[in-house]
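In the text below, chain A, chain B and the rest are named by the order of the sequence lines, each starting its count at 1.
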Amino acid sequence: MYRHLERRLAHHILESLRRRHPGIALPNVVIEQPPKVELGDFAIPTFPFAKPLRSAPLKIAEAIRADAGSIEGIAEMQVAPPGYLNVKIDRAWMAAALAADQKPPTEVPPGKILVEHSSINPNKAAHIGHLRNAILGDTFVRLLRYAGREVDIQNYIDNTGVQVADVVVGFTHIEKKSRAEIEALTRQPRFDYYCWDLYARVSQWYEQDKQNLQVRLQTLHAIEDAFSETAGVAELISTAVLRRHLETMDRLDIEYDFLPRESEILHLHFWDAAFTKLKEAGVLTFENEGKNKGCWVMRRAGTGKESSESSVVQQTLESRPIQEVFKEYEKISEEDQKVIVRSNNTVGYVGKDIAYHMWKFGLLGRDFAYRKFYRYPNQHDCWISATEGEKDHPHFGDVAEIYNVIDARQSEAQNTVIEALRGLGHDEAADNYTHFSYEMVALTPRCAAELGYTLSEEDKARSYIEVSGRKGFGVKADDLLDTLIASAKKEVDSRHPQLTDDERLTIATQIAIGALRYFMLKYTKQSVIAFDFKDALSFEGETGPYAQYAVVRATSIFKKAALDPDTFCRDVASNISPADLSKYLASETANEIWELWLTASKTRYVVDQCIATTEPAYLAKHAFQLAQLFNTFYHRYPILTEPDEKRKQFLLATAAIVRRELIRTLAVMGITVPPVM
RNA sequence: GCGCCCUUAGCUCAGUUGGAUAGAGCGUCUGGCUACGAACCAGAAGGUCGGGAGUUCGAAUCUCUCAGGGCGCACCA
């Protein structure tokens, strides 16, 4: 409703200016927030209009005000020096709309969206870096769904790469385990932890003797042959670890719809189909000389295509033979080449990714086979790719837009895939391809020391240290969750000894997840998170539990009043007359409470902003702001002891609406609220 | 060397398309619980927004430049 009103206002102002000054090109109407609520709810700077209209900002503001007439939902406009038009919302009107939970009609763009996130190598336990990815991705999915979009969630599984090969080497060459022994191990709890340690040992083993790297190459090669014994072992291990990843993420209420695997991209010959098209379109060129001799290469993204393009134009104008110019244009300098097909005819990661993304947009002409892989406790099925699958399955792929939640280090590879699509003539697909890029999670030197790693003097001076799966250096996702739950449990135990242990554990788990998810969302994507247990385990201040606590407080008011907060909330619109809303919100002293209503009305506005900027952190800020305003309100206005019955109803309504919006906001972040805490 | 990102309070970070007195959390200090639960609230101290130049009525925000830091730039994924 807030967003709706803002748009209506912008439109109205622009129209009125156009009427007054026909034929003059006008800049966009900027609408922002005045620094204080007393001044108004929207502020329109009129400076940008001064030049085109040849008039003073204050005069323009005055003219707009005079022309405005009445706008539904707007109470009044005031001109403020040096050149603002401050607009006040009709508080009772807005509050009534919010109380009735009115949602203005919005047009949902057509087409399905595919969000790819997590994509953890299935060779070891998930760590905090993977948590950031999954939480960002899952929250973005929830944002899109809140906005009414249809979304498929995919988790790409690289089950034939070096990382899986390394663990296979560990089992078969270092531990010399038989297939049966490995199979028995996969049934042990937290098999992924076992692999975590083994993976680190394999890396050491390679370092001990470079000859050992030969084993890796052989293993890698053997895995690609679907019928080999090694491929069977790799499949066994990667599937078991994958299952563990799904379990870990399910603890955070993160689910997937489909798990496309690299093995199927290989075995179903996705690449062959893509390769043909890429050659035809001239995206790939064959190198006859230089260091990439015998390879099929393409131009690396962002490597000066524009300059060569303009030089082509230049040279064409000089009327050189077109073939010669074309040849020069095609020629990519060695350092700008990205090898897609190696000289031994095997295809690299980027090539497979191009094929996979053609499939995503329905441009490949091939499809996976599907079978059910994992059923969540809520009965939702997660499907996995297969060479031969089940007859009935959901339709995946062939979508209108995609978002790939992948860390910033891979942006060049991502852009190369986008350029490949563009080179194939699929500009629309390329435009609808978003690399949802975020920075990594590192450890503070203190945290690293706590984990028992000895640091160099250089490392100690850094503000953060990168985690390394290869060194087994990092914080495992399940360990962090366990620590968080134990820490929350201790608090809950002391606060609610009357509850059963099960109840306390459930509450502690909700708090732990709230803390973790909020922690991962409060930082903007481009900020490297320097992880520290002290910050992550905090339940005070700008944290998830702070926001959860605000809801619990609101709930407890209704409990004490013997009211059901949800039904009360539903009936608010009919229980309180617009006259009363107006009376209690319009007075000069009501600014504080109005600010609470106003903020509560912005949930959808913030959601749209998060989607448009692919930045979920704004939602975390919104939740915190709402909780903070509510806590102040809670402290300042005792509700149950309010003698004026009508005012009491109004205060209860305020609590009910804020509670509703806060619960919704937290839900989009994947955070639930316990009944008590 | 080329490309992308970052530099805001003691620490960790916000600051939407340039707009009114640059904000929050933590930490420090001072207060507030016989309660709609203090996982909270009120208050104080703390900033030449890395340096410099430019564009603009107006710059933390845009441009250039310098300094410092991070990450990419494999016939790895």
Considering only the [atom1] atoms, how many Å lie between [N] and [M], rounded to the nearest integer?
N: rA67(B); M: rA22(B); atom1: P; value: 31 Å
N: rA44(B); M: rC49(B); atom1: P; value: 23 Å
N: rU16(B); M: rG50(B); atom1: P; value: 14 Å
N: rG70(B); M: rU12(B); atom1: P; value: 15 Å
N: rC41(B); M: rA24(B); atom1: P; value: 13 Å
N: rA59(B); M: rA20(B); atom1: C1'; value: 14 Å
N: rC57(B); M: rC11(B); atom1: P; value: 38 Å

Contact under 4.0 Å: [X] side-chain N or O vs [N] OP1/OP2:
X: R300(A); N: rG3(B); result: no
X: K559(A); N: rC36(B); result: no
X: T346(A); N: rC75(B); result: no
X: N292(A); N: rC75(B); result: yes
X: Q628(A); N: rG25(B); result: yes
X: Y634(A); N: rG37(B); result: yes
X: Y349(A); N: rA77(B); result: no

Does a side chain donor of either [X] or [Y] reach within less than 3.5 Å of an acceptor in the other side chain?
X: Y2(A); Y: D41(A); value: no
X: Q218(A); Y: Q214(A); value: no
X: D532(A); Y: T444(A); value: yes

Contact class for [X] (heavy atom, under 4.0 Å): base, sugar-phosphate, or nothing?
X: Y637(A); result: base
X: F47(A); result: base
X: P57(A); result: nothing
X: K490(A); result: nothing
X: K352(A); result: nothing
X: L563(A); result: nothing

Take atom [atom1] of [X] and atom [atom2] of [N], then tell me their distance rounded to the nearest Å.
X: H221(A); N: rA77(B); atom1: NE2; atom2: P; value: 14 Å
X: R553(A); N: rA35(B); atom1: CZ; atom2: C1'; value: 10 Å
X: R647(A); N: rC36(B); atom1: CZ; atom2: P; value: 17 Å
X: Y199(A); N: rA77(B); atom1: OH; atom2: P; value: 13 Å
X: I611(A); N: rU16(B); atom1: CD1; atom2: C1'; value: 15 Å
X: K522(A); N: rA24(B); atom1: NZ; atom2: C1'; value: 10 Å
X: E289(A); N: rC75(B); atom1: CD; atom2: C1'; value: 17 Å
X: L58(A); N: rA20(B); atom1: CG; atom2: P; value: 16 Å

Item to complete: Could you walk me through whether N404(A) and Q414(A) pass side-chain hydrogen bond (donor to acceptor under 3.5 Å, both in side chains), step by step?
Response: CA-CA 9 Å; N404(A) 290 345; Q414(A) 284 291 298; 3.1 Å; yes

Give the nucleotide from the list [options] with an atom nearest to the side chain of [X].
X: V492(A); options: rA39(B), rC36(B), rA77(B); value: rA39(B)
X: E262(A); options: rA77(B), rA38(B), rC36(B); value: rA77(B)
X: S556(A); options: rA20(B), rA77(B), rC36(B); value: rC36(B)
X: E32(A); options: rG19(B), rG37(B), rC73(B); value: rG19(B)
X: Y618(A); options: rG37(B), rG15(B), rA39(B); value: rG15(B)
X: T632(A); options: rA39(B), rC41(B), rC26(B); value: rC41(B)
X: F624(A); options: rG70(B), rG37(B), rA24(B); value: rA24(B)
X: Q526(A); options: rC5(B), rG19(B), rA42(B); value: rC5(B)
X: S527(A); options: rA39(B), rA14(B), rA20(B); value: rA14(B)
X: A43(A); options: rG70(B), rA20(B), rG72(B); value: rA20(B)

Whom does [N] pair with, Watson-Crick or G-U wobble, provided both distances fall under 3.5 Å?
N: rA38(B); answer: none
N: rA44(B); answer: rU28(B)
N: rU55(B); answer: none
N: rC13(B); answer: rG23(B)
N: rA67(B); answer: rU7(B)
N: rG72(B); answer: rC2(B)

Practice prompt. Test side-chain hydrogen bond (donor to acceptor under 3.5 Å, both in side chains) on S494(A) and E491(A) and set out the steps.
Written response: CA-CA 5 Å; S494(A) 70; E491(A) 290 292 320; 4.8 Å; no

Response to the item:
Residue pair S411(A)/E540(A) against RNA chain B: nearer the 5' end by closest nucleotide is S411(A)

Worksheet item: Which residue, P34(A) or V676(A), contacts RNA chain B at a nucleotide closer to its 5' end, judged by nearest heavy atom?
Response: P34(A)

Worksheet item: Side chains of I593(A) and F633(A): does their closest heavy-atom pair fall under 4.5 Å?
Response: yes

Discussion item. Determine whether a donor-acceptor pair (one donor, one acceptor, N or O, separation below 3.5 Å) exists between the side chain of S343(A) and the base of rC75(B).
Written reply: yes

Worksheet item: Is there a donor on the side chain of N631(A) or the base of rA42(B) sitting less than 3.5 Å from an acceptor on the other?
Response: no

Worksheet item: In chain order, what residues pass the side-chain hydrogen bond (donor to acceptor under 3.5 Å, both in side chains) check against T555(A), with sequence neighbours excluded?
Response: R659(A)

Item to complete: Might you confirm whether atom CD of E335(A) has over 12 heavy atoms from other residues, nucleotides or ligands at distances under 6.0 Å?
Response: no

Worksheet item: Ring-on-base stacking between Y546(A) and rA39(B), under 5.5 Å between centres and under 30° between planes: is it there?
Response: no

Practice prompt. Mark yes or no: K525(A) above the aromatic ring of Y438(A), with NZ or CZ under 6.0 Å from the six-membered ring centre and no more than 45 degrees from the axis.
Written response: no

Discussion item. Salt bridge or not between K338(A) and E412(A)? Use side-chain N to carboxylate O under 4.0 Å.
Written reply: no

